Amino acid sequence: MGERILIALGGNAMTAPDGSASPGDQRRAVEGAMTHVSALISAGHEVVLTHGNGPQVGNLLLKNQLAAGVVPPVPLDWCGAQTQATIGVLILNALGHRAAVLVTRTLVDPEDPAFADPVKPIGRYFSEAEARRFQELGQTWREFPGKGWRRVVASPEPLEILDAPAALALMDAGYTVVVAGGGGVPVVRAADGTLAGVEAVVDKDGAAAVLARAVGATVLVIATDVPGAVAGFGTAHARPIGGTTVAELRALQAEGHFASGSMGPKVESVLRFAEAGGRAVITSLELIGEALTGDAGTVVDGTAP
């Protein structure tokens, strides 16, 4: 009997190898990624998909900025919802199985410290003059020496995937579900219970760990463009990390082996899922099948004694 596998697709699965994100590039990249997903479904596994959306949101923000004098810019949570639908349609067309895309909200805490110190860069680099213009609209921009100015936003911790029950209902009806794209549309709950979107982005890998628990996944796969995590990356002592324990991976994390802007969030995600009693994998799309049998990737088994 197959497993219920949540696969979190990285941005490399949505763009060309050089990072370009034209409509044709995105369609071809998604089609390639879905061949690997289809193989897992055909092998009898139940697959749930989530994905990143950084390049797509960046494109929407650029359109916002260029057209700000003609049409009102839309808020960041709207950009997240739009990219969930756009990427979702590409996945539906490429997958060829009974599938559904769910526009998904992720609950965050309005008092999360991230809102007081936004540090997540989004969109493209601009000149200081352009950045100052958008600062006047209430946005936060920071200078990155040698590169230019870039907008930064809060990246609060995901607390709950609010639409996970709808995903479960679709799964029970036999659908392969695409859910919580881009980490989900971030929303906060007011004292009266109403929900409202916020100008923030939720880390896709962090949301994947929350989602995996909510939908009862037995395996969480963080699919990236490398075979697995590496200790001592970029040094003469670099070594791939294969099968490992929560304790060992936490120790390597504490020693600073995983950069915050790349492998760090992925390692934290698999650790959180494994600590809750699940099995988690970091590997490439091409190696997922081998990773499920322990023959590839970084595998952390929280079910082992």
Side-chain angles (χ1 to χ4, degrees), residues 1-10 40 45-52 102 104-109 112-114 155-172 176-184 186-187 189 201-224 228-229 231 241-255 257-258 260 263-283 288 291-294 296-305:
M1 183 177 177
E3 302 198 67
R4 178 172 286 185
I5 305 169
L6 177 75
I7 302 176
L9 299 168
L40 292 173
H45 297 293
E46 184 180 16
V47 175
V48 186
L49 293 171
T50 189
H51 59 80
L102 190 63
T104 314
R105 300 159 298 168
T106 297
L107 184 68
V108 300
D109 184 353
D112 190 299
S155 184
E157 284 286 315
L159 301 178
E160 180 183 354
I161 309 300
L162 293 177
D163 302 291
L168 283 167
L170 287 165
M171 291 158 61
D172 289 342
T176 296
V177 185
V178 186
V179 59
V187 297
R189 180 175 283 124
V201 294
V202 178
D203 177 69
K204 174 263 300 178
D205 297 314
V210 178
L211 176 64
R213 293 193 297 271
V215 299
T218 55
V219 184
L220 167 64
V221 176
I222 304 295
T224 183
I241 303 169
T244 186
T245 64
V246 168
E248 179 185 15
L249 200 57
R250 277 286 181 208
L252 291 170
Q253 181 191 53
E255 292 169 7
H257 286 274
F258 311 116
S260 60
M263 190 57 69
K266 296 171 176 54
V267 167
E268 180 61 28
S269 178
V270 300
L271 280 168
R272 290 185 183 185
F273 187 69
E275 285 169 340
R279 185 156 54 99
V281 176
I282 300 173
T283 195
I288 289 177
L292 292 176
T293 60
T298 299
V299 182
V300 192
D301 193 348
T303 67

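Just so it is clear, the structure is predicted and the values come from calculations on it, not from any experiment.
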**Report entry** Non-neighbouring partners of Lys204 that pass side chain to side chain contact (heavy atoms under 4.5 Å, CB included), sequence neighbours left out
**Finding:** Ala8
Query raised in the report: For Pro186, does its backbone N or O pair with a side-chain atom of Thr106 as donor and acceptor, under 3.5 Å?
Result: no
**Report entry** Separation between CE of Met263 and NE2 of His257, rounded to the nearest 0.5 Å
**Finding:** 13.5 Å
Query raised in the report: Roughly how far apart are Asp205 CG and Thr50 OG1, rounded to 0.5 Å?
Result: 9.0 Å
Query raised in the report: Can you tell me how far the CD1 atom of Ile282 sits from the CZ atom of Phe258, to the nearest 0.5 Å?
Result: 7.5 Å
Query - Sidechain N-carboxylate O distance under 4.0 Å for Glu275, Arg213 - result: no
Report task. Provide the closest heavy-atom pair for Ala229 versus Val267 in the form atom of the first, atom of the second, distance. Result -> CB-CG2, 4.5 Å
Query raised in the report: Within a strict 4.5 Å, meaning less than it, do heavy atoms of the Arg279 and Thr218 side chains meet?
Result: no
Query raised in the report: Do Pro156 and Asp109 have side chains that get closer than 4.5 Å, going by heavy atoms?
Result: no
Query raised in the report: Should Asp112 and Glu157 count as side-chain neighbours, where that means a heavy-atom distance under 4.5 Å?
Result: yes
Query - Rounded distance [0.5 Å steps], CD1 in Ile288 versus CD1 in Ile5 - result: 8.0 Å
Query raised in the report: From Leu40 CG over to His45 NE2, what is the distance, rounded to the nearest 0.5 angstrom?
Result: 6.0 Å
**Report entry** Flag, side chain of Thr298 to backbone of Ile241, donor-acceptor distance under 3.5 Å
**Finding:** yes
Report summary line: Note: Leu168 and Ala214 closest approach over all heavy atoms is CD1-O, 3.6 Å
Query - Thr176 side chain near Val48 side chain, heavy-atom distance below 4.5 Å - result: no
Query - Salt bridge flag under 4.0 Å for residues Arg250 and Glu268 - result: yes
Requested in this report: Using the side-chain contact (heavy atoms from CB on, under 4.5 Å) rule, take Ser269 and Leu220 through it: C-alpha gap first, then chi angles, then the decisive distance, then the call.
Outcome: CA-CA 9 Å; Ser269 178; Leu220 167 64; 3.7 Å; yes
Query raised in the report: Looking at side-chain heavy atoms only, is the closest gap between Val246 and Val300 below 4.5 Å?
Result: yes
Query raised in the report: With a 4.5 Å limit on heavy-atom distance, are the side chains of Val219 and Arg4 in contact?
Result: no
Requested in this report: Please round to the nearest 0.5 Å and tell me the distance separating atom CG of Leu49 and atom CG of Leu211.
Outcome: 10.5 Å
Review item, side-chain donor-acceptor pairs of residues 158-167, under 3.5 Å, at least two apart:
unit_1	atom_1	unit_2	atom_2	d
Asp163	OD1	Arg105	NH2	2.8
Asp163	OD2	Arg105	N	2.8
Asp163	OD2	Arg105	NE	3.2

Query raised in the report: What are the two closest heavy atoms between Phe273 and Ala209, and how far apart are they?
Result: CD1-O, 4.2 Å
**Report entry** For the student: nearest non-hydrogen atoms of Ala291 and Val281, plus distance
**Finding:** CB-CG1, 3.5 Å
Report task. Considering non-hydrogen atoms only, spot the tightest contact between Ala180 and Thr104 and give its length. Result -> N-OG1, 3.0 Å
